[in-house]
Amino acid sequence: MHIVSLAGGIGGARFLRGLRAAAPDASITVIGNTGDDITLYGLRVCPDLDTVMYTLGNGIDEEQGWGRAKETHVVKEELAAYGVEPQWFGLGDRDFATHIVRSQMLEAGYPLSQITQALCARWQPGVRLLPMSDDRCETHVVIEDERGKRAIHFQEWWVRLRASVPAQSFALVGVDTAKPAPGVLEAIEQADVVILPPSNPVVSIGTILQVPGIRAALLPKTVVGVSPIIGGAPVRGMADACLTAIGVETTAQAVLELYGSELIDGWLVAEEDSGVALDGVRVLARPILMHDAEAAADIARTALDLAQELRK
C-alpha cells in the first residue's frame with residue numbers, strides 16, 4: 001500500500017508514528033510543512049521537518065514534543081551573553097548541528113528535498129520525508145499592537161508572543177511562484193490513500209495545500225482526515241487562534257467545512273463531536289486523543305480502515 005500524509009509538527013509527528021505502526025509494510029510518504037521555516041543566527045531552521053524526523057527517528061524530546069532528547073543549551077546561553085537576538089527562540093546544542101549541516105548544504109547549492117533526504121539517512125524515520133517545496137515559503141502574520149499594524153514571522157507570533165496578539169491575517173510569502181518539491185506530485189499520484197493527521201488546519205496542512213498543484217493533485221484521491229479539534233478546543237497548541245484569524249469556528253465541524261467535501265472523503269472526530277456531518281463525507285466518531293503511542297496507532301488504523309472502505 002502506498003500512503004501519503006501531510007504533516008505539521010508535534011501532532012502530525014506523533015500520529016505518523018502511529019501510522020507507521022499501524023501499517024508496517026506500507027510505503028509512506030510524508031509531505032512536510034515548511035511555512036514555519038526561519039533563518040536564525042545565520043542558520044536555516046525547519047521546525048516541522050525536524051520534528052517529524054526526530055520523532056520517527058527516536059531522537060525527540062518526548063516530554064515537550066520538539067527538539068532533541070538529552071539536550072543542552074550552552075550555545076544558547078553564550079549567544080545570550082553576547083546579547084545576540086533573538087533570545088526568544090532557543091535552539092539546543094544537538095539541534096544546532098542539524099541546522100549547521102542544512103545551512104552548509106544550502107550554501108553549496110543543494111535543494112531542501114535532497115538535504116532532507118541526507119539528514120534522514122542518519123535518523124532512518126521509516127518514511128519518505130519530503131518538504132512541500134524546495135522554494136522558500138514563509139508564513140507571516142499581520143498583527144496590530146502598540147507599534148501599529150505590521151507583519152511578523154509566524155515563529156515570532158507563535159513562540160515569542162504565544163499568539164497572545166490576535167492575528168488579523170496570514171500570508172505565505174513566496175507561495176505564488178513556488179513549486180511542489182520533486183517527488184511530491186508523483187507520490188500523491190501513486191498513493192492508494194491520503195491521510196491528514198490532526199495537524200494545524202491553517203498553518204500546517206493549510207499551508208501545504210496552498211502550494212500550487214498540491215490540492216488539485218489530492219482531489220481525485222481518497223482522503224481521510226483526523227480532526228485536530230475535540231469538543232471545541234484544539235488538542236494541543238493554539239490552532240484556535242489561527243482559526244479565529246481566518247473567521248472559522250474552533251469546532252470539528254468548521255474544520256471539516258474549511259477543508260471541504262471536494263477534498264475530504266472521510267473524517268474522524270471525537271465521540272463528543274458525533275453530530276458532525278457534511279454531505280459527501282463519511283464521518284466516524286471514535287476516541288482520537290493520542291495519549292500514547294498505542295492510542296496513536298489505533299487512531300491511524302481506524303483512519304486507514306475508513307480510507308480502504310471509501311477508496312475510489
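Position 1 is the first residue of the sequence, and the numbers go up from there. The figures that follow rest on heavy atoms only: side chains count, while hydrogens, waters and symmetry mates do not. The structure presented is a predicted model; accordingly, all values stated were derived computationally and were not measured.
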Original post:
Are D240 and M238 close enough, and set up right, to give a side-chain contact (heavy atoms from CB on, under 4.5 Å), and what steps lead you there?
Top reply: CA-CA 5 Å; D240 51 343; M238 298 164 285; 4.1 Å; yes
**OP:** Kindly determine whether D95 and V45 satisfy side-chain contact (heavy atoms from CB on, under 4.5 Å), including the steps that lead there.
**Re:** CA-CA 9 Å; D95 205 19; V45 180; 5.7 Å; no
**OP:** Start with the C-alpha gap between H140 and F154, add the side-chain angles, then the distance that decides, and say whether side-chain contact (heavy atoms from CB on, under 4.5 Å) holds.
**Re:** CA-CA 5 Å; H140 287 233; F154 172 78; over 6 Å; no
**OP:** Determine, stepwise, if the pair I152 / W158 fulfils side-chain contact (heavy atoms from CB on, under 4.5 Å).
**Re:** CA-CA 10 Å; I152 60 175; W158 193 255; over 6 Å; no
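Annotation: side chain of I214 is in contact with side chain of V211 (closest heavy-atom distance under 4.5 Å). For the pair I31/S5, no side-chain contact is recorded, criterion being any heavy-atom separation below 4.5 Å from C-beta on. Taking 4.5 Å as the limit, some side-chain heavy atom of I3 sits within range of a side-chain heavy atom of L304. Looking at heavy atoms from C-beta onward, P201 lies in side-chain contact with P228 at the 4.5 angstrom threshold. Residues I299 and V226 have side chains in contact (heavy-atom distance under 4.5 Å, counting atoms from C-beta outward). Counting only heavy atoms from C-beta outward, the side chains of M105 and L112 never approach each other to under 4.5 Å. Counting heavy atoms from C-beta outward, R282 and W267 have side chains that stay 4.5 Å or more apart. Residues L218 and L6 are in side-chain contact: their nearest non-hydrogen atoms beyond the backbone lie under 4.5 Å apart.
In this structure a side-chain-to-backbone donor-acceptor pair under 3.5 Å is missing from T72 to V74. Remark: side-chain polar atoms of T251 are paired, donor with acceptor, to backbone N or O of A254 under 3.5 angstrom. Panel note: side chain R286, backbone E271; no donor-acceptor pair is recorded below 3.5 Å. R301 places no side-chain N or O within donor-acceptor distance of the main-chain N or O of A23, the cut-off being under 3.5 Å.
In the displayed structure, Y110 atom OH is contacted under 6.0 Å by at most 12 heavy atoms of other residues, nucleotides or ligands. Counting heavy-atom neighbours within 6.0 Å of Q64 CD, excluding the residue itself, gives a total above 12. Annotation for E249: atom CD does not count as buried by contact number, only 12 or fewer foreign heavy atoms lying within 6.0 Å. The environment of CD in Q114 is crowded: more than 12 heavy-atom neighbours from other residues, nucleotides or ligands sit within 6.0 Å.
Across all non-hydrogen atoms, the minimal contact from A7 to L16 is CB-CD1, 3.8 Å. For L56 against A13, the heavy-atom pair with the smallest separation is CD2-O, 4.1 Å. In plain terms, the two heavy atoms of G35 and M132 that are nearest each other are N-CE, 3.7 Å. For the residue pair T250 and P234, the shortest heavy atom distance occurs at CG2-CD, 4.0 Å. Of all heavy-atom pairs spanning L263 and V223, the tightest one is O-CB, 3.3 Å. Heavy-atom minimum distance, G32 versus I208: C-CD1, 4.0 Å.
One finds the CD1 atom of I10 at 10.5 Å from the OG atom of S199 (value rounded to the nearest 0.5 Å). From T51, atom OG1 reaches atom CZ of R14 across 10.0 Å, with rounding to the nearest 0.5 Å. The distance from the CZ atom of R44 to the CD1 atom of I100 is 16.0 Å, given to the nearest 0.5 Å. Interatomic distance, I264 CD1 to L278 CG, rounded to the nearest 0.5 Å: 9.5 Å. Note that OG1 of T98 is 5.5 Å distant from CG of D50, once rounded to the nearest 0.5 Å. To the nearest 0.5 Å, atoms CD1 (I143) and CD (Q168) are separated by 8.5 Å.
Using a 4.5 Å cut-off between side-chain heavy atoms of Ile, Leu, Val, Met, Phe, Trp and Tyr, with links allowed through other members, I28 and M290 fall into the same hydrophobic cluster. Residues V203 and I38 share a hydrophobic cluster, clusters being chains of Ile/Leu/Val/Met/Phe/Trp/Tyr side chains in contact below 4.5 Å. Hydrophobic clustering, with ILVMFWY side chains joined whenever heavy atoms are under 4.5 angstrom apart, keeps V255 apart from F15. M53 and L130 fall into different hydrophobic clusters, where Ile, Leu, Val, Met, Phe, Trp and Tyr residues are linked whenever their side-chain heavy atoms come under 4.5 Å apart, directly or through other members. Linking ILVMFWY residues whenever their side-chain heavy atoms come closer than 4.5 Å, directly or via other members, leaves V281 and L310 in distinct clusters.
A donor atom on one side chain and an acceptor atom on the other are not found under 3.5 Å apart for T222 and D265. Under 3.5 Å, the side chains of D61 and Y54 contain no donor-acceptor pair of N or O atoms.
With sequence neighbours excluded, the residues that form a salt bridge (charged side-chain N to carboxylate O under 4.0 Å, His left out) with E156 are R160. Residues meeting the ring pair (Phe, Tyr, Trp, His ring centres under 6.0 Å) test with H99, sequence neighbours left out: none.
Within the structure, side-chain hydrogen bond (donor to acceptor under 3.5 Å, both in side chains) contacts touching residues 26-36 (residues at least two apart or in different chains) are N33-D36, N33-D48. Sorted by first and then second residue, the pairs that involve residues 215-229 and meet salt bridge (charged side-chain N to carboxylate O under 4.0 Å, His left out), not counting sequence neighbours, are R215-E262. For residues 116-131, there are no side-chain hydrogen bond (donor to acceptor under 3.5 Å, both in side chains) pairs, not counting sequence neighbours.
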Under 3.5 Å, which donor-acceptor pairs do the side chains of residues 171-198 form with other protein atoms, sequence neighbours left out?
from, atom 1, to, atom 2, distance (Å)
E186, OE1, G183, N, 3.2
D192, OD1, R311, NH2, 2.7
D192, OD2, H2, N, 2.7

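Aromatic ring orientation, W157 versus F170: perpendicular (interplanar angle above 60°, classes split at 30° and 60°). The aromatic rings of Y41 and F96 lie tilted to each other, with the angle between the two planes from 30° to 60°.
Looking at E62 and R17, a side-chain N of the basic residue comes within less than 4.0 Å of a carboxylate O on the acidic one, giving a salt bridge. Salt-bridge formation is detected for the pair R136/E138: a Lys NZ or Arg NE/NH1/NH2 atom is positioned less than 4.0 Å from an Asp or Glu carboxylate oxygen. Using a 4.0 Å cut-off between charged nitrogen and carboxylate oxygen, D93 and K76 do not count as a salt-bridge pair. Using a 4.0 Å cut-off between charged nitrogen and carboxylate oxygen, E144 and R150 do not count as a salt-bridge pair.
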